[in-house]
Amino acid sequence: MIARVAKAVLAAALIAFAAAPGLAQDSTPAAFAKALASLTERLGTIETGPDIETTDAAANAADLAVIEQSLGMLGTPAFPLDGFATFESVCEPVNRLSVRHGLDGLSAMARPPGSPPPTPEEMSVLMSKVQVLQLRNAARYPDEITVLSGGVMRCMVKHLPALTAFLADLPEAELTPSRLKGADGMRRGGTQALVGFMISLRDPTTSQANKARLNAYVAEVAAPLAAVLTPPMRAELAAALANLPPTQDAEVLATTELVKAALADTTCEGLCRY
């Protein structure tokens with residue numbers, strides 16, 4: 001679910017806010033770029049790449065560790081943001097790796113070339129199989145999916161000021177329905193991802209290491225994400241949190257209260273106004 005949401009968040013934001021092609025440039029630190037390229041090349045695409053479990057696990061883990069460490073520095077002088085340039089050169093490829101892990105093995109479900117479009121019944125069966133596949137991969141690659149899906153969310157949130165400034169600088173005539181719909185889709189995708197993180201925190205199968213990651217990720221993104229949500233969206237997210245499974249974990253309870261406090265803020269400025 002998190003991988004699917006992350007893909008939707010990035011797609012909506014890129015479509016809605018994409019600036020001129022000349023704006024994009026590689027401004028990422030060398031270590032991040034090297035690890036990203038190495039892991040991407042080793043895993044290949046969803047359509048043609050090998051089963052991830054057959055690739056070099058040690059090399060994959062080393063690359064992931066560099067990516068995780070680099071994402072933790074994103075937005076600092078060591079890894080500065082550069083508006084849409086870093087949105088496209090950092091967030092988008094990390095998202096592709098997240099989706100690659102979540103849908104590993106999907107190529108085996110591909111229909112033969114020249115097949116007619118699937119019937120509604122066939123599509124329903126296929127979607128059920130994809131959901132099973134995603135659950136399997138979540139169990140196979142919990143660390144990778146946690147780091148990468150969390151990285152997408154953290155990267156997107158750190159670029160919210162650039163996205164907000166882009167909309168604010170547009171003439172009213174260029175605030176098109178597609179751009180406004182993209183902003184709405186991005187925010188809703190972000191809230192779904194946040195709920196996914198909170199559910200994972202309550203999942204007894206989530207490792208302590210990944211709980212620590214998720215608690216840190218939520219603490220990092222809660223306030224800036226809540227600030228761009230419209231008041232009705234904040235109310236919807238608060239209601240979703242109220243319906244989460246109960247927990248006695250003190251850290252998870254503290255994280256939940258942190259999110260609730262961010263949602264209780266009634267200030268509506270910046271992207272919230274759109």
Side-chain angles (χ1 to χ4, degrees), residues 1-41 43 45-46 63-76 78-103 144-167 179 182-194 196-197 213-214 216-218 220-225 227-229 270-271:
M1 180 192 74
I2 292 174
R4 190 166 65 250
V5 169
K7 183 177 181 180
V9 168
L10 264 293
L14 285 171
I15 291 172
F17 302 108
L23 188 60
Q25 54 183 305
D26 184 8
S27 60
T28 57
F32 173 81
K34 182 179 179 181
L36 183 73
S38 174
L39 186 57
T40 299
E41 181 179 4
L43 301 188
T45 67
I46 293 172
D63 287 335
L64 185 72
V66 174
I67 291 171
E68 180 177 19
Q69 183 179 22
S70 299
L71 289 171
M73 296 186 293
L74 185 62
T76 71
F79 197 165
L81 300 177
D82 189 15
F84 285 99
T86 44
F87 189 90
E88 294 179 355
S89 65
V90 179
C91 305
E92 202 275 334
V94 171
N95 177 67
R96 284 199 299 266
L97 282 173
S98 175
V99 176
R100 172 70 178 90
H101 283 82
L103 296 179
E144 294 86 345
I145 290 177
T146 298
V147 169
L148 294 169
S149 62
V152 173
M153 183 70 160
R154 298 163 73 199
C155 189
M156 181 200 76
V157 165
K158 289 180 180 180
H159 285 84
L160 285 175
L163 301 179
T164 302
F166 175 73
L167 278 182
R179 283 191 166 123
D184 186 69
M186 181 190 65
R187 290 181 295 206
R188 292 190 180 279
T191 61
Q192 290 174 37
L194 185 61
F197 294 161
R213 287 184 172 110
L214 290 168
Y217 296 165
V218 173
E220 180 181 330
V221 305
L225 177 63
V228 303
L229 300 180
L271 195 58

Inset, instruction - For Thr86 and His159, run side-chain contact (heavy atoms from CB on, under 4.5 Å): C-alpha distance rounded to whole Å, both residues' side-chain angles, the deciding distance at 0.1 Å, then the answer. - result: CA-CA 8 Å; Thr86 44; His159 285 84; 2.7 Å; yes
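- Side chain of His101 to main chain of Glu144: no donor-acceptor pair is present (N/O by atom type, distance under 3.5 Å, no hydrogens or angles).
- Between atom OG of residue Ser38 and atom CD1 of residue Ile67 there is a gap of 8.5 Å, rounded to the nearest 0.5 Å.
- In this structure, the side chain to side chain donor-acceptor pair (under 3.5 Å) partners of Arg213, at least two apart in sequence or on a different chain, are Glu68, Asn210.
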Inset, instruction - Kindly determine whether Tyr217 and Val147 satisfy side-chain contact (heavy atoms from CB on, under 4.5 Å), including the steps that lead there. - result: CA-CA 9 Å; Tyr217 296 165; Val147 169; 4.1 Å; yes
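- Among all heavy-atom pairs drawn from Ala162 and Gly83, the shortest one is CB-CA, 4.0 Å.
- Here the SG atom belonging to Cys155 is positioned 12.0 Å from the CG atom belonging to Leu148, to the nearest 0.5 angstrom.
- Rounding to the nearest 0.5 angstrom, the gap separating the OG1 atom in Thr76 from the NZ atom in Lys158 is 7.5 Å.
- Between Met156 atom CE and Asn95 atom CG the span is 11.0 Å, to the nearest 0.5 Å.
- For Asp63 against Leu39, the heavy-atom pair with the smallest separation is OD2-N, 3.5 Å.
- Using a 4.5 Å cut-off on side-chain heavy atoms (C-beta onward), Arg179 and Phe166 make contact.
- The two atoms that bring Leu160 and Pro224 nearest to each other are CD1-O, 3.8 Å, heavy atoms only.
- Here the side chain of Arg187 pairs a donor or acceptor atom with the backbone of Val228 at under 3.5 angstrom.
- Interatomic distance, CG of Leu36 versus OG of Ser70, reported as 9.5 Å (0.5 Å rounding).
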Legend entry - Phe84 and Leu163: CA distance, side-chain angles, deciding distance, side-chain contact (heavy atoms from CB on, under 4.5 Å) verdict: CA-CA 8 Å; Phe84 285 99; Leu163 301 179; 3.6 Å; yes
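- A 4.5 Å side-chain heavy-atom check between Val90 and Leu71 finds at least one atom pair inside the cut-off.
- No side-chain heavy atom of Phe32 sits less than 4.5 Å from a side-chain heavy atom of Leu74.
- Within the model, atoms CD of Gln192 and CZ of Arg188 stand 8.5 Å from one another, a figure rounded to the nearest 0.5 Å.
- A 4.5 Å side-chain heavy-atom check between Val66 and Lys34 finds every atom pair outside the cut-off.
- By the 4.5 Å heavy-atom criterion applied to side chains, Thr146 and Phe197 are not counted as neighbours.
- With Arg100 contributing its side chain and Leu43 its backbone, the two residues share a donor-acceptor pair below 3.5 Å.
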